[in-house]
Each structure stands twice: as structure tokens, then as C-alpha cells.
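Numbering of ligands and ligand atoms starts at 1, following listing order. The figures that follow rest on heavy atoms only: side chains count, while hydrogens, waters and symmetry mates do not.
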Amino acid sequence: MNIVIMGPQGSGKSTQAELLAKKLNTVHISTGDIYRSIANQNSDLGRKIKEYIEKGELIDDETTFTVVDKHLAEIKSGFVVEGFPRTIGQAEREIVPVDKVIYLRLDDNEATKRLLSRGRTDDTPELIAQRLKLYYLDTVPVLNYYRQQGKLLEIDGSKTIPEVHNLILQSLGI
Ligand code: ADP
């Protein structure tokens with residue numbers, strides 16, 4: 001089964017993707033993790049990605065397709081992906097069939113509070129606000145895209161980590 005986990009910054013996508021992938025015995029892919037690791041490389045691409053991340057901007061779709069294609073091509077037995085697709089262009093490309101999309105709902109205040117305590121270098125108040133702005137602009141339309149396809153499962157992301165995990169399993173009928 002191919003599963004996408006979506007939700008605003010701080011909604012727990014990465015934590016829940018990891019738990020779910022473990023439970024399903026499949027692969028967890030995070031485009032954020034992939035991009036952070038490329039940003040640490042001393043290469044033209046690394047420097048370009050670093051610049052985007054430091055500005056709180058999304059990496060352009062063409063670069064994202066190349067990077068995601070490379071990772072997904074190796075996977076044969078399903079995955080849990082998080083951080084992708086993040087724009088309508090990325091969703092419409094339909095690189096691989098998506099079976100279900102888990103949407104972790106969380107309000108901005110709670111999201112910002114969690115991110116500030118996480119303390120990643122791009123988790124300053126300014127960059128959090130910038131990324132949330134792009135989330136509403138670019139990513140919320142992707143939620144609607146999957147909702148129309150009947151693939152969206154909405155979960156209350158404000159609950160504890162094990163509670164959210166169980167709600168996800170329930171919604172998937174596992
Ligand atoms: P957050 O959810 O807090 O924004 P992520 O770890 O998902 O953090 O992403 C970190 C950064 O990586 C983003 O700000 C963006 O620059 C880049 N990124 C991750 N996934 C994508 C994507 N699918 N398309 C474009 N840029 C992406």
C-alpha cells in the first residue's frame with residue numbers, strides 16, 4: 001500500500017510516518033530529510049537546496065521530481081511518504097499510485113509551539129510563518145485534490161503520539 005502523510009508543519013508527519021512504516025513493514029520516505037541531507041553536501045545542488053531551505057521556500061518541482069523519482073524507483077513493495085506531494089503540480093504528476101492520504105489536522109498556534117520547541121535551524125518564528133504560509137497556498141489544494149478522489153483520511157493531530165498512531169491504524173482499517 002502506498003500512503004502519503006500530510007498536514008501543516010509540526011503536525012507530526014515525520015513521527016507518524018516512521019511509526020506507520022514500521023507497523024506496515026515498509027519504507028518511510030521524507031523529502032525534508034532527503035533535502036536536508038543534500039543541503040549538507042558540498043555540491044552545486046547542495047548549495048542551491050540550502051539556500052531554499054534557509055529562506056523557507058519550496059524547492060522547485062523539477063528538482064523535486066528528479067530527487068523523488070530516484071528514491072521511489074527503488075521501492076517495490078509500498079511506502080509511507082511525507083513531505084511530498086506538496087504542490088498541485090507534484091500531485092498531478094502521479095509518479096506512483098497513491099492509495100490513501102492521511103491528513104493530520106493541527107491549528108497554527110499549536111503547530112508553531114511544537115516547532116519552536118523542536119529547534120531545527122529552520123524553526124525560527126519567521127521561517128515557521130513563511131513555511132505555514134506556503135502550506136496554505138500550495139499544499140492545502142493538494143488536500144482537496146485527494147479529498148475529491150475519496151482518498152483523504154482526516155485525523156486529529158493534536159492528540160498524543162500513540163493516540164494519533166492508533167487513529168491512523170483505525171482509519172486504514174488495520
Ligand atoms: P516542514 O514540514 O517543517 O516544512 P520538511 O522537513 O518537510 O519540514 O521540509 C523542509 C524543507 O525541505 C522545506 O521547507 C522545503 O524547502 C523542502 N522540501 C521538502 N519537501 C519538499 C517538496 N515536496 N517540494 C519542495 N520542497 C520541499
Counting only heavy atoms and a distance below 4.0 Å, can you name the residues contacting ligand 1? Gln9, Lys13, Thr31, Gly32, Tyr35, Arg36, Ile53, Glu57, Leu58, Ile59, Thr64, Gly83, Phe84, Arg86, Gln90, Arg118, Arg120, Arg131
Residues passing the salt bridge (charged side-chain N to carboxylate O under 4.0 Å, His left out) test with Glu54, sequence neighbours excluded, are Lys50
Would the distance check show the side chain of Thr63 and the main-chain N or O of Ile59 forming a donor-acceptor pair, the cut-off being under 3.5 Å? no
Taking all non-hydrogen atoms of both residues into account, name the closest pair between Arg114 and Gly157 and its distance. NH2-O, 2.8 Å
Between Val164 and Asp156, the two heavy atoms sitting closest are CG2-O, 3.6 Å
Measure from the side-chain N and O atoms of Lys13 to the backbone N and O of Gly7, and report whether any donor-acceptor pair falls under 3.5 Å. yes
Check: Lys22 main-chain N/O paired with Thr26 side-chain donor or acceptor under 3.5 Å: no
